[in-house]
Amino acid sequence: MTVPRLIAKKAKGEQIAALTAYDTLMAEILDESGIDVILVGDSAAMVMAGHSTTLPITMEEMLFYTRNVRRGVKKALLVADMPFLSYQCSLEEGIRNAGRFLKEAGAEAVKIEGGEPVVELIARLVDFGIPVMGHLGLTPQSIHKFGSYKLQGKESAVAKKLKKEAKMLEEAGIFSLVLEKIPAGLAREITETIKVPTIGIGAGVHCDGQILVAHDMLGIYDKMKPRFVRRYAEIAQTMRQAFDQYIDDVRNRRFPSDEESFL
Ligand code: KIV
């Protein structure tokens, strides 16, 4: 997958399937399954590192996760999430950090949360050959501004702002736009207004594609289940059963058997 091919999918009416990954093995399995986009999300802060928000994850940690994933991906487009405070302080820092994902970790694009405040940075990055995926709606790096992970864009003023910012991001040169936890009707309007693909998460069926955190849809991260997550497996439960069985087998000398030993 390449950026131009991904954009072309919208014109062809082909839905984009995207998921997150943070390690090589998951990336390999995902890539082999034919996924279009693999995002190394800053959700790694919560899913991999046990933080309660995405804010604490650092550039170095995101580079580490992105390198892991790079080693497992042959076909999908690899997008790295720019972590909190890696692009807000200055244009120079934002450009350097975005470039590091391509130069040092093998990402093919970066994702940046936000609207008007990041438009100038995005235009500069695109000029320098760094493709950018935008992210509007419930942007988790702004959790303390929002106060909770609630639906965004229900009030008409917020909806109007989101529509305006989607257009601004498109003009700045984004190649796709993640729309997180906004009403399906609003996502549809934005999808019909901009030429680049929208990728929804909790934004209804009218987007040009969908993304989920792989650990959520696999039921590995089962501490909470947002309404927009469909569980395609219950891996955490399977793991708990396997661990219980193993502990029981060890304690009762049922493991290892003769076949599993060197006699
Ligand atoms: O960090 C992340 O995983 C994301 C996706 C859920 C869009 O931003």
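Each residue takes its place number in the sequence, starting with 1. Counting starts at 1 for both ligands and their atoms, following the listed order. For clarity, every value in this text was computed on a predicted model and none was experimentally measured.
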Report task. May I ask you to check if ligand 1 and E180 share an N or O to N or O distance below 3.5 Å? Result -> no
Report task. Identify, by atom number and element, the atoms of ligand 1 in contact range of G41, meaning under 4.0 Å from any of its heavy atoms. Result -> 1 (O), 2 (C), 3 (O)
Requested in this report: Look at ligand 1 and say whether K111 reaches it with a heavy atom at a distance under 4.0 Å.
Outcome: yes
Query raised in the report: At a non-hydrogen distance cut-off of under 4.0 Å, which region of L39 contacts ligand 1 (side chain, backbone, both, or neither)?
Result: side chain
Query raised in the report: Q88 versus Q141: any side-chain heavy-atom pair under 4.5 Å?
Result: yes
Requested in this report: Taking N68 for its side chain and D23 for its backbone only, find out whether a donor-acceptor pair lies under 3.5 Å.
Outcome: no
**Report entry** For atom 2 (C) of ligand 1, closest protein heavy-atom neighbour
**Finding:** S43 OG, 3.3 Å
Query raised in the report: Between H135 and ligand 1, which residue portion shows a heavy-atom distance shorter than 4.0 Å: side chain, backbone, both, or neither?
Result: side chain
Query raised in the report: Taking heavy atoms and a distance under 4.0 Å, where does T20 meet ligand 1: side chain, backbone, both or neither?
Result: side chain
Query raised in the report: For D81, is at least one N or O under 3.5 Å away from an N or O on ligand 1?
Result: yes
Requested in this report: Could you tell me whether the side chain of D36 and the main chain of A17 form a donor-acceptor pair under 3.5 Å?
Outcome: yes
Query raised in the report: In terms of hydrophobic clustering (I, L, V, M, F, W, Y; side-chain heavy atoms under 4.5 Å; direct or indirect links), are Y22 and M239 co-clustered?
Result: yes
Query raised in the report: Which ligand 1 atoms are under 4.0 Å away from a heavy-atom of D42?
Result: 1 (O)
Report task. Determine whether V47 and I235 fall in the same hydrophobic cluster, where Ile, Leu, Val, Met, Phe, Trp and Tyr are linked whenever their side-chain heavy atoms lie under 4.5 Å apart. Result -> yes
Requested in this report: Find out if a path of hydrophobic residues (ILVMFWY) with successive side-chain heavy-atom gaps under 4.5 Å connects I199 to Y232.
Outcome: yes
Query raised in the report: Is it the side chain, the backbone, both or neither of I201 that has a heavy atom closer than 4.0 Å to ligand 1?
Result: side chain
Query - For D208, the option from R188, K12, K195, K10 that meets salt bridge (charged side-chain N to carboxylate O under 4.0 Å, His left out) - result: K10
